[in-house]
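Sequence lines set the chain letters: A, B, ... in the order given, protein chains first and strands last, and positions in each chain run from 1.
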Protein chains: 4
Amino acid sequence: MASRGVNKVILVGNLGNDPEIHHMPSGGAVANISIATSESWRDKATGEQREKTEWHRVTLFGKLADVAAQYLKKGSQVYIEGQLQTRKWQNQQGQDQYTTEVVVQGFNGVMQMLGSRTSNGQGMASGQQQPTSQQPQQQYNEPPMDFDDDIPL
Amino acid sequence: MASRGVNKVILVGNLGNDPEIHHMPSGGAVANISIATSESWRDKATGEQREKTEWHRVTLFGKLADVAAQYLKKGSQVYIEGQLQTRKWQNQQGQDQYTTEVVVQGFNGVMQMLGSRTSNGQGMASGQQQPTSQQPQQQYNEPPMDFDDDIPL
Amino acid sequence: MASRGVNKVILVGNLGNDPEIHHMPSGGAVANISIATSESWRDKATGEQREKTEWHRVTLFGKLADVAAQYLKKGSQVYIEGQLQTRKWQNQQGQDQYTTEVVVQGFNGVMQMLGSRTSNGQGMASGQQQPTSQQPQQQYNEPPMDFDDDIPL
Amino acid sequence: MASRGVNKVILVGNLGNDPEIHHMPSGGAVANISIATSESWRDKATGEQREKTEWHRVTLFGKLADVAAQYLKKGSQVYIEGQLQTRKWQNQQGQDQYTTEVVVQGFNGVMQMLGSRTSNGQGMASGQQQPTSQQPQQQYNEPPMDFDDDIPL
DNA sequence: TTTT
DNA sequence: TTTT
């Protein structure tokens, strides 16, 4: 699979609600979560403290959906890495509507539970569902000779 | 200014159209661009090559909007770093609509023109508009003595 | 200030030690922290569980160094956004040595404390030290008319 | 495979030299490239323009190494997504040395050629080497009923 | 709707 | 040297 371009979203925030779990016809799980990020600043005109919260729809597929279902709940803090996806659908008046979500799926999708030193707490990357034949890290341990010599570090 | 959470989008893609430039009442420029990212893969059922393109609305403010207006055009390849923002608005039927955009603004916003070694070609980070008092890189150039000695790595 | 290229590091991990605080001649604070990230997998040859930890040197400057000094300690979980920087120095034998660090500084530098629901817990972006004149979010709230019409979403 | 923490590097820059290709005992390819990122600013003391270039060692494995060998050359502009890895080795005097590299490998590794609309130009994510059973994008295309209804956004 |  |  090839791709042209980069489409990446990174979020760290807290869930506004428990995850909603669905299942696709194939049986695969889908988890919808809503994540808040916020910024606060002092309004220079009025001098008062202000805050703005942004809510993000995040949809997880596959094993990550299962992990979300099992371990995440309202208030959980998570790290999310996914991609933007805008879906077109029609409301009950038959009008086109667009919804943009952060899709966490397949390779490149990551969900890490933060903080909660409870339960198993372990993060997981969705691309890592078939670890069978993959060594996660380089075994190329020879001295970096020619590389070191050539390059003006 | 403090923030709780991380809200970051990174895109690399090509503009579908020339930028649209607006001006706020204050006079500041606003540039809207539409960026395509795509993925292609071989459909395992039919065996044929498929491609899916995602379009991203990106809104740039301030100096970056000016740069976009001046240097970007349909087809330009850009690197974008911004944040997700969902705006609520009402259509002509008075119904609520939501639009999610990637906002590139203020600190943390980055726009880099890619490829084109033409024109000035240089990228720009929006947080770098007031360079007056900022030294971009560490001046802490003393020998890293205790840090290096204490820590094996 | 302009830049050509992108140099960005994102880390989420735990501190291996309390921060080390230094001060530059100018009086500005510098904080050195060491952050662990790890991956675990099942070795397909032996079938046993393995784990590998990577240690990252992170150097924070300015206000973020103060925040690190005050709130971070051994074991703290943090989100870091900075840039790679390789420094050349000479060991006591007069030989060149190179050390690569993640520098969190100025615009683009971010440090967010995670989990710890203790103390003030609030994250902070270093680019946000002079909030005086900056409004963090878009005020451009007019209906997205022409933008919506033109673009095949 | 599980991981605790996030270890991510994103680079956009140009190669300082042609890739160096090696082969592991297993036969797998390894490509070393050196990527420059730079920043320029006006020195507020002297008023003159200054520039600083940072060189990054990047090591690609597997199919991405082959792609690098085939398509990248001195001057090529690339987008890289990998992870930090510090290797310990010994110089000819038997002293420990440490080298930090950006490793692009396995899941999470991405290399995208930029600009050059020549050759096949297409980027590739290393996690996508075994596309056999993976559909890259969501097939969950049913109307987003309950999710959309429940959540105001 | 979260969190501080 | 962290964390699980």
From F:dT1, F:dT3, E:dT3, nucleotide with atom closest to C:E51 side chain: F:dT3
Among the nucleotides F:dT3, F:dT1, E:dT3, which one has an atom lying closest to any side-chain atom of A:N14? E:dT3
Answer with base, sugar-phosphate or nothing: what part of the nucleic acid does A:S76 contact at a heavy-atom distance below 4.0 Å? nothing
Starting at atom CZ of A:R57, determine the distance to atom C1' of E:dT2, rounded to an integer number of angstrom. 16 Å
Residues at least two apart in sequence or cross-chain that pass side chain to side chain donor-acceptor pair (under 3.5 Å) with C:S76, listed by chain then number, are none
Answer with base, sugar-phosphate or nothing: what part of the nucleic acid does A:T37 contact at a heavy-atom distance below 4.0 Å? nothing
Heavy-atom side-chain contact between A:I80 and A:V9 under 4.5 Å: no
Rounding to a whole Å, what distance do you find between C:E54:CD and F:dT2:P? 16 Å
A:W55 on top of E:dT1's base, within under 5.5 Å and under 30°? yes
Determine whether any donor atom in the side chain of C:T53 lies under 3.5 Å from an acceptor atom in the base of F:dT2, or the reverse, and answer yes or no. yes
With respect to the side chain of D:R4, which nucleotide from E:dT1, F:dT3, E:dT3 is positioned closest? F:dT3
d(OH, A:Y79; P, E:dT2) in whole Å: 25 Å
Distance-only donor-acceptor check, side chains D:T86 and C:W55, under 3.5 Å: no
Which nucleotide wins on minimum distance to the side chain of A:N17, given the candidates F:dT3, E:dT1, F:dT1? E:dT1
Residues which pass salt bridge (Lys or Arg N to Asp or Glu O under 4.0 Å) with A:D66, listed by chain and number, not counting sequence neighbours: none
Rounded to whole angstrom units, what separation is found between the NZ atom of C:K73 and the C1' atom of F:dT3? 13 Å
Grab the CG-C1' distance between C:L114 and F:dT3 for me, whole Å please. 13 Å
Length of the line joining C:M113:CE and F:dT2:P, which is rounded to integer Å: 19 Å
Side chain of A:A36: nearest nucleotide among E:dT2, E:dT1, F:dT1? E:dT2
Whole angstroms only, please: what is the CD-P distance between A:E20 and E:dT2? 15 Å
Please report, rounded to the nearest Å, how far the P atom of E:dT2 is from the NZ atom of A:K74. 5 Å
With rounding to the nearest 0.5 angstrom, report the NZ to CD1 distance, D:K8 to A:I10. 6.0 Å
